[in-house]
Amino acid sequence: MELNKNFDHIQAEEKWYAHAIEKNYFSSTPDDREPYTIVMPPPNVTGVLHMGHCLNNTIQDVLIRRARMEGKNACWVPGTDHASIATEAKVVQMLREKGIQKASLSRDEFLKYAWEWKEKYGGIILQQLKKLGCSLDWNRTTFTMDPDYYNSVIGVFIDLYNKGSIYRGKRMINWDPKAKTALSDEEVIRKETKQKLYHLKYYIVNEGKTTSDYITIATVRPETIMGDSAVCVHPDDERYKHLHGKQVVVPLINRSIPVITDEYVTMDFGSGALKVTPAHDINDYQLGQKHQLEIIDILNEDGTLNETAQIFVGEDRFVARKKIVQELETHGYLLKTEDYTSEVGYSERTDVVAEPRLSLQWWVDMKKIAAPALEVVLNEEINFYPPKFKNLYRHWMENIKDWCISRQLWWGHRIPAWYDDQGNYVVAANETEALAQYREQFGRNVESGQLKQDEDCLDTWFSSWLWPFEVFNGLNNPGNKDLAYYYPTNTLVTAPEIIFFWVARMIMAGIEFQNQIPFKEVYFTGIVRDKQGRKMSKSLGNSPDLLELIERYGADACRFGILIASPAGNDLLWDESSNEQGRNFNNKIWNALKLVKMWEQRTTHTGASTGNEHFAVNWFGNRLEEVKDEVATLMKQFRLSEALKTIYSLIWDDFCSWYLEWVKPGMDQPIEAVVYERTIDYFEELLQLLHPFMPFITEEAYHLLRNRQETDDLTIKIYKTVQKTDPAVLQLGTLLKEVISTLRDTKNKHQIKPKDAIQLAIETQHEQHYNQIESILKKQIHIETISYTKAAVPQSITVVIQKDKFYLIPKHEVDNSAQKAQLEKDLEYLKGFLSSVEKKLNNERFIQNAKPEVVEAEKRKKEDAETKIRTIEESLAALIV
RNA sequence: GGGAGCAUAGCUCAGUUGGUUCAGAGCAUCUGCCUUACAAGCAGAGGGUCCGCGGUUCGAACCCGUGUGCUCCCA
């Protein structure tokens with residue numbers, strides 16, 4: 001059969017993915033086999049595939065495919081997250097482009113648009129994952145706002161509320177003035193930001209009159225001075241002792257506020273005097289609570305100043321800042337301005353500066369549910385890879401704060417709280433239940449329509465924390481067959497960025513609602529960065545178009561590219577060139593396939609073998625088993641990148657560069673049938689080993705190697721168990737490689753062309769070893785005859801390998817000065833080596849303290865070195881003669 | 001300010017209870033080759049103060065201390 005010049009990845013990808021779907025290879029139902037389950041971290045429903053997904057999902061697919069080929073019942077569940085803030089922001093923007101304001105729509109009208117949007121764009125990302133080759137069980141695709149899932153989320157809210165773990169409270173929260181919603185602490189990104197520190201005069205009041213004395217206050221937020229409730233100094237600060245208990249005047253609005261003292265103040269920062277604005281700063285808020293200060297909120301929900309501010313009403317906070325600085329300067333309140341850099345919180349979703357804001361929100365009391373979730377990680381019921389994240393996790397869990405779960409959004413799970421017009425409320429799944437409960441609780445009769453449901457939605461993570469069991473309908477259909485079989489799941493693969501958002505909370509939810517951990521191990525991937533180490537992001541434009549890369553290089557090459565660059569647990573610097581390496585690897589496999597296929601018609605049962613092919617076959621069989629074992633160990637430790645490198649090298653170096661050359665018949669010569677068959681067997685096993693990493697080319701090549709039955713597919717082919725290896729055969733293989741490399745190099749150094757034939761004499765005590773590999777040596781180094789000798793051969797080039805001497809006899813006389821230099825260099829090295837060993841052995845304290853086996857090893861080294869030195873000296877002597 | 005991690009070849013990283021003269025791999029670079037599957041290839045080569053300093057030890061890339069630099073998390 002004639003094969004194409006190159007592997008056609010596009011047709012192979014389409015063909016084999018469709019075939020697997022048709023045969024239901026990726027779908028799983030409970031049976032007698034051991035399950036292996038992964039739930040995919042659900043991407044945003046409106047998202048598109050980026051390099052982070054590529055890494056994450058490739059890793060999961062490798063794990064799932066390998067488990068499947070190990071004979072486990074592998075189940076990988078896909079799905080999407082409704083991503084309340086992100087999706088709502090996109091819908092709002094889409095409406096704005098159509099000229100529709102969200103405020104002009106009713107909740108139902110808005111949600112209709114949102115669902116339309118979701119139907120249109122939702123799930124694109126899942127289609128893209130198919131292109132990458134992900135072997136997901138599509139029948140189980142779940143969305144966090146599916147009806148059942150929705151009900152479970154509401155049920156969980158009610159359950160926690162009834163247990164007293166959910167409460168409503170007025171707290172300082174992070175507010176996104178653009179999205180007009182509360183944010184959890186984790187949704188606020190701190191960034192170093194250049195600001196100005198303004199030094200302002202606050203005049204001191206004495207006996208009811210404003211004096212010309214003042215105290216200097218340093219602030220980066222002059223627009224909030226109208227919200228000041230006090231000025232605070234350190235009680236021990238000598239500079240301000242005379243002001244304790246006095247009043248000062250807020251500039252521009254002339255409101256008097258007290259001077260208070262608290263040790264919280266840092267004396268040497270700014271002027272050592274702090275303005276306290278409890279409504280607009282978290283620390284000030286706490287200070288205000290302690291000193292019972294008035295809370296003066298001067299901002300609207302969109303970040304503009306409100307009536308309470310008195311001045312610049314309606315102006316945006318940053319515009320107001322500029323204007324107020326001008327005003328302060330005009331009136332002589334501004335003493336100086338300094339550059340100042342500090343960390344400012346930005347909304348993760350909208351990238352505007354988050355505003356600390358006091359508001360009434362729903363909270364989860366985390367202390368109680370966090371404790372067991374910490375325990376299971378500390379006692380290693382759940383293992384983290386790499387384990388360094390365990391510390392991070394513990395630190396966070398021990399200092400956990402309550403979770404703000406309400407969001408002022410419409411897209412999401414609506415909070416099941418129902419209010420009367422006095423603000424009394426009940427928590428219930430629907431209006432009917434709410435009415436009944438209200439009647440019972442408040443003893444008043446209410447009619448339908450009289451209770452108003454909370455307008456707000458729940459934080460997205462309040463639904464995704466149920467993911468590992470809700471994809472199996474764990475709460476809707478408790479104890480169902482799927483849940484019992486697949487839960488707890490095995491491995492969670494995710495980015496360390498969401499260890500607190502998601503991983504920690506899933507562990508809590510699993511224990512709280514299923515009494516079982518959600519997964520047994522968590523593998524944290526690195527963050528994908530570009531060659532300069534920058535995080536890939538849309539705004540930098542350094543995130544490549546993955547689909548285009550797949551089209552250009554092939555899915556296998558992209559999978560290879562991202563995995564080979566991905567050391568366990570570290571960030572990876574990704575560059576397109578790694579895809580080239582993957583594509584080149586495809587090419588190598590394809591060419592090896594072409595070579596082997598060329599032999600198919602040339603097999604014979606008689607007389608083709610020189611005998612040495614059998615050694616090659618035996619050696620590669622052992623080598624294969626050895627590497628299979630190594631790979632298994634690496635995979636258990638989640639060292640996927642190293643496992644792939646190991647397989648890469650086995651195929652490229654051991655199989656292609658060595659083995660195939662060793663068994664390759666001469667031009668138009670036949671190949672012994674048994675050698676051919678074994679070669680095909682090895683090729684199959686190599687493809688199988690590589691399949692989880694590069695599923696398409698391996699499946700294609702597998703089918704081209706032999707004619708297959710209908711369902712004889714690599715995707716579902718179970719691995720054979722690893723066989724024991726024969727160390728003697730492996731050692732001889734290593735010696736053979738070394739001899740070939742060294743003699744090739746020697747020819748090269750003596751200007752003997754690779755094709756120029758030579759004669760070789762070997763001085764060895766193990767002639768029988770060399771008998772097994774003679775013909776391979778001849779072929780690989782272009783040797784005419786090999787003989788054995790007991791003494792140095794004159795007019796030859798001498799090389800020492802291990803303990804054996806090789807005499808190369810070239811056709812033409814050669815200058816042996818290069819050789820002499822080489823031997824002298826080797827001799828010098830060995831003498832140095834010997835003296836270092838002797839130094840150790842002559843050191844009494846070494847003999848006393850070192851372990852006996854170490855001392856033994858040193859003695860052996862000494863003997864070896866002495867033997868080699870003697871051999872080289874003899875060679876040198878022969879050379880001079 | 002508190003906590004964590006990292007520092008090995010030009011780049012990305014291995015280096016498994018301290019024991020070969022141990023300093024390694026891949027990529028990149030350079031040299032020679034269109035050798036009967038593969039130039040997306042083959043055969044070779046060069047390249048390092050294992051961040052600095054001090055200590056423990058017979059022996060340190062590895063353990064301890066310290067300095068410097070970088071990254072991340074939390075306030």
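Lettering of chains follows the sequences in order, A, B, ..., and the numbering in each one begins at 1.
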**Student:** In this structure, how many angstroms lie between the P atom of B:rA40 and the CZ atom of A:F585, rounded?
**Tutor:**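 Answer to the nearest Å: 18 Å.
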**Student:** Could you check if a side-chain atom of A:Q780 sits within less than 4.5 angstrom of a side-chain atom of A:W662, using non-hydrogen atoms only?
**Tutor:**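 Answer yes - side chains close enough.
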**Student:** Kindly say whether the aromatic ring centers of A:F500 and A:W396 come within a distance under 6.0 Å.
**Tutor:**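 Ring centroids of A:F500 and A:W396 are less than 6.0 Å from each other.
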**Student:** For nucleotides 59-62 of chain B, print each protein N/O atom paired with a nucleotide N/O atom at under 3.5 Å, atom names and distance only.
**Tutor:**
none

**Student:** At a cut-off of 3.5 Å, list every protein nitrogen or oxygen paired with a nitrogen or oxygen from nucleotides 27-34 of chain B, distance to 0.1 Å.
**Tutor:**
none

**Student:** Quantified in whole Å, what is the P atom distance between nucleotide B:rG24 and nucleotide B:rU71?
**Tutor:**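 The same atom, P, in both gives a distance of 31 Å.
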**Student:** Please work out if A:K645 contacts a base, only the sugar-phosphate, or nothing of the nucleic acid, heavy-atom cut-off 4.0 Å.
**Tutor:**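 Nothing, no nucleic acid heavy atom in range.
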**Student:** Could you give the CG-to-C1' distance, from A:L640 to B:rC13, as a whole number of Å?
**Tutor:**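 Answer to the nearest Å: 16 Å.
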**Student:** Parallel, tilted or perpendicular: which describes the rings of A:F585 and A:W652, with under 30° parallel and over 60° perpendicular?
**Tutor:**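 Judged by the thresholds at 30° and 60°, the geometry between A:F585 and A:W652 is parallel.
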**Student:** Restricting to non-hydrogen atoms, name the atom on A:I781 and the atom on A:V739 that form the minimum distance, rounded to 0.1 Å.
**Tutor:**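 Of all heavy-atom pairs spanning A:I781 and A:V739, the closest is CD1-O, 4.4 Å.
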**Student:** Using atom CZ of A:F384 as one end and atom P of B:rA4 as the other, report the distance to the nearest whole Å.
**Tutor:**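 Distance check: A:F384 CZ to B:rA4 P gives 18 Å.
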**Student:** Given B:rA37, B:rA14, B:rC74, which nucleotide is nearest the side-chain atoms of A:E642?
**Tutor:**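 Among B:rA37, B:rA14, B:rC74, the one nearest the side chain of A:E642 is B:rA14.
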**Student:** For the residue pair A:D653 and A:S649, confirm or rule out a side-chain donor-acceptor distance under 3.5 Å.
**Tutor:**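 Distance-only check passes for A:D653 and A:S649.
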**Student:** If you count every heavy atom of other residues, nucleotides or ligands that lies below 6.0 Å from A:K778 atom NZ, does the total exceed 12?
**Tutor:**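 Buried by this count: over 12 neighbours within 6.0 Å.
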**Student:** Could you check which nucleotide pairs with B:rG65 in any of the strands shown, counting Watson-Crick or G-U wobble with both distances under 3.5 Å?
**Tutor:**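 Partner of B:rG65: B:rC53.
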**Student:** Rounded to the nearest angstrom, tell me the gap between atom CH2 in A:W652 and atom C1' in B:rC42.
**Tutor:**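 The answer, rounded to whole Å, is 11 Å.
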**Student:** Any base atoms under 4.0 Å from A:N6, or only sugar-phosphate, or nothing? Heavy atoms, all strands.
**Tutor:**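 Touches a base.
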**Student:** Given B:rC38, is OP1 or OP2 found less than 4.0 Å from the side-chain N or O atoms of A:K597?
**Tutor:**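 For B:rC38, neither OP1 nor OP2 has a side-chain N or O of A:K597 closer than 4.0 Å.
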**Student:** Of the nucleotides B:rA40, B:rC74, B:rC38, which has the atom closest to the A:E661 side chain?
**Tutor:**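 The listed nucleotide nearest to A:E661's side chain is B:rC38.
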**Student:** Take A:R583 and A:V837, find for each the nucleotide of RNA chain B with the closest heavy atom, and name the residue whose nucleotide sits nearer the 5' end.
**Tutor:**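 Going by which nucleotide is closer to the 5' end, it is A:V837.
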**Student:** Specify whether A:F384 and A:F524 have parallel, tilted or perpendicular ring planes, treating 30° as the upper limit for parallel and 60° as the lower limit for perpendicular.
**Tutor:**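 Rings of A:F384 and A:F524: perpendicular, over 60°.
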**Student:** Provide the distance between the two C1' atoms, one in B:rG15 and one in B:rG48, to the nearest whole Å.
**Tutor:**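 After rounding to an integer number of Å, I get 15 Å for this pair.
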**Student:** Please report the distance, rounded to the nearest Å, between NZ in A:K5 and C1' in B:rA40.
**Tutor:**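 Interatomic distance, NZ of A:K5 to C1' of B:rA40: 9 Å.
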**Student:** Between A:E13 and A:A555, is there a donor-acceptor pair closer than 3.5 Å when you use the side chain of the first and the backbone of the second?
**Tutor:**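 Indeed, once roles are kept as given, a pair shorter than 3.5 Å links the two residues.
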**Student:** Given that both distances must come in under 3.5 Å, which nucleotide forms a Watson-Crick or G-U wobble pair with B:rC70?
**Tutor:**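 Paired with B:rC70, as far as the under-3.5 Å criterion goes, is B:rG5.
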**Student:** What do you reckon, is CD of A:E684 surrounded by more than 12 foreign heavy atoms closer than 6.0 Å?
**Tutor:**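 Yes.
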**Student:** Are any side-chain N or O atoms of A:D556 and backbone N or O atoms of A:I697, one a donor and one an acceptor, separated by less than 3.5 Å?
**Tutor:**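 Judged by distance alone, yes, a pair lies under 3.5 Å.
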**Student:** In the strands shown, is B:rC33 matched to any nucleotide by a Watson-Crick or G-U wobble pair with both distances under 3.5 Å, and which?
**Tutor:**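 B:rC33 is paired with B:rG41.
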**Student:** In whole angstrom, give the distance that lies between atom CD of A:E863 and atom P of B:rU20.
**Tutor:**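 Going from A:E863 (CD) to B:rU20 (P), I get 18 Å.
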**Student:** Measuring only the C1' atom in each nucleotide, how far is B:rA14 from B:rU8? A whole number of Å is fine.
**Tutor:**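 Result for the C1' pair: 10 Å, nearest Å.
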**Student:** Please enumerate all residues that pass ring pair (Phe, Tyr, Trp, His ring centres under 6.0 Å) together with A:Y659, with sequence neighbours excluded.
**Tutor:**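 Result, ring pair (Phe, Tyr, Trp, His ring centres under 6.0 Å) vs A:Y659: A:F620, A:F655, A:Y682.
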**Student:** Rounding to the closest angstrom, what is the interatomic distance between B:rC6 and B:rU20 at atom P?
**Tutor:**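 Rounded to whole Å, the distance is 23 Å.
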**Student:** Considering Watson-Crick and G-U wobble pairs with both distances under 3.5 Å, what does B:rG47 pair with?
**Tutor:**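 WC or wobble partner does not exist here.
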**Student:** When you measure from the side chain of A:R505 to the backbone N and O of A:F501, does any donor-acceptor pair fall under 3.5 Å?
**Tutor:**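 Judged by distance alone, yes, a pair lies under 3.5 Å.
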**Student:** Are A:H782 and A:I758 side-chain neighbours, meaning at least one heavy-atom pair lies under 4.5 Å?
**Tutor:**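 They are not in contact (no side-chain heavy atoms under 4.5 Å apart), so the answer is no.
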**Student:** Would you call A:V377 and A:R394 a side-chain contact if the rule is heavy atoms closer than 4.5 Å?
**Tutor:**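 They are not in contact (no side-chain heavy atoms under 4.5 Å apart), so the answer is no.
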**Student:** Considering only side-chain heavy atoms of A:R639, which listed nucleotide, B:rC38, B:rA14, B:rG19, is closest?
**Tutor:**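 Nearest to the side chain of A:R639 among the choices is B:rA14.
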**Student:** Only pairs with both distances under 3.5 Å count, Watson-Crick or wobble alike; so what is the partner of B:rC13 in this structure?
**Tutor:**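 Answer to the pairing question: B:rG24, which forms a Watson-Crick or G-U pair with B:rC13.
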**Student:** If we take the P atom in both B:rG26 and B:rA45, what is their distance in whole Å?
**Tutor:**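 That atom pair is separated by 12 Å.
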**Student:** For A:F7, check ring pair (Phe, Tyr, Trp, His ring centres under 6.0 Å) against everything at least two apart and list the hits.
**Tutor:**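 If we apply the ring pair (Phe, Tyr, Trp, His ring centres under 6.0 Å) test to A:F7, skipping adjacent residues, the hits are A:W590.
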**Student:** Strictly below 4.0 Å: does A:W396 bring a side-chain N or O up to OP1 or OP2 of B:rC72?
**Tutor:**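 No.
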**Student:** If we take the P atom in both B:rC62 and B:rA43, what is their distance in whole Å?
**Tutor:**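 The same atom, P, in both gives a distance of 36 Å.
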**Student:** Taking atom P in both B:rA40 and B:rC50, compute the distance separating them and give it to the nearest angstrom.
**Tutor:**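 My reading of the P atoms in B:rA40 and B:rC50 gives 38 Å.
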**Student:** Can you check the distance between B:rU68 and B:rG32, where both ends of the measurement are the C1' atom (answer in whole Å)?
**Tutor:**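 Between the two C1' atoms, the distance is 45 Å.
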**Student:** Does the pair A:L287 and A:L274 meet the rule for a side-chain contact (heavy atoms from CB on, under 4.5 Å), with working shown?
**Tutor:** CA-CA 11 Å; A:L287 208 54; A:L274 179 77; 4.1 Å; yes
**Student:** Which whole-number value in Å describes the distance from A:K859 NZ to B:rU20 C1'?
**Tutor:**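 A:K859 atom NZ is separated from B:rU20 atom C1' by 16 Å.
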**Student:** Which protein N or O atoms sit under 3.5 Å from an N or O of nucleotides 6-9 of chain B?
**Tutor:**
none

**Student:** Could you tell me how far apart A:K594 (NZ) and B:rC38 (P) are, to the nearest whole angstrom?
**Tutor:**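 In whole Å, B:rC38 P lies 6 Å from A:K594 NZ.
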**Student:** After noting the C-alpha distance and the side-chain angles of A:F560 and A:M694, does the key distance pass the side-chain contact (heavy atoms from CB on, under 4.5 Å) rule?
**Tutor:** CA-CA 7 Å; A:F560 180 95; A:M694 300 173 76; 3.9 Å; yes
**Student:** Would you say A:K664 reaches B:rA37's phosphate, i.e. side-chain N/O to OP1/OP2 under 4.0 Å?
**Tutor:**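 So the side chain of A:K664 is within the cut-off, an N or O lying under 4.0 Å from OP1 or OP2 of B:rA37.
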**Student:** Just the table, please: protein N/O against nucleotides 44-47 of chain B N/O, every pair under 3.5 Å.
**Tutor:**
none

**Student:** With respect to the side chain of A:N584, which nucleotide from B:rC38, B:rA75, B:rG41 is positioned closest?
**Tutor:**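 The closest nucleotide is B:rG41.
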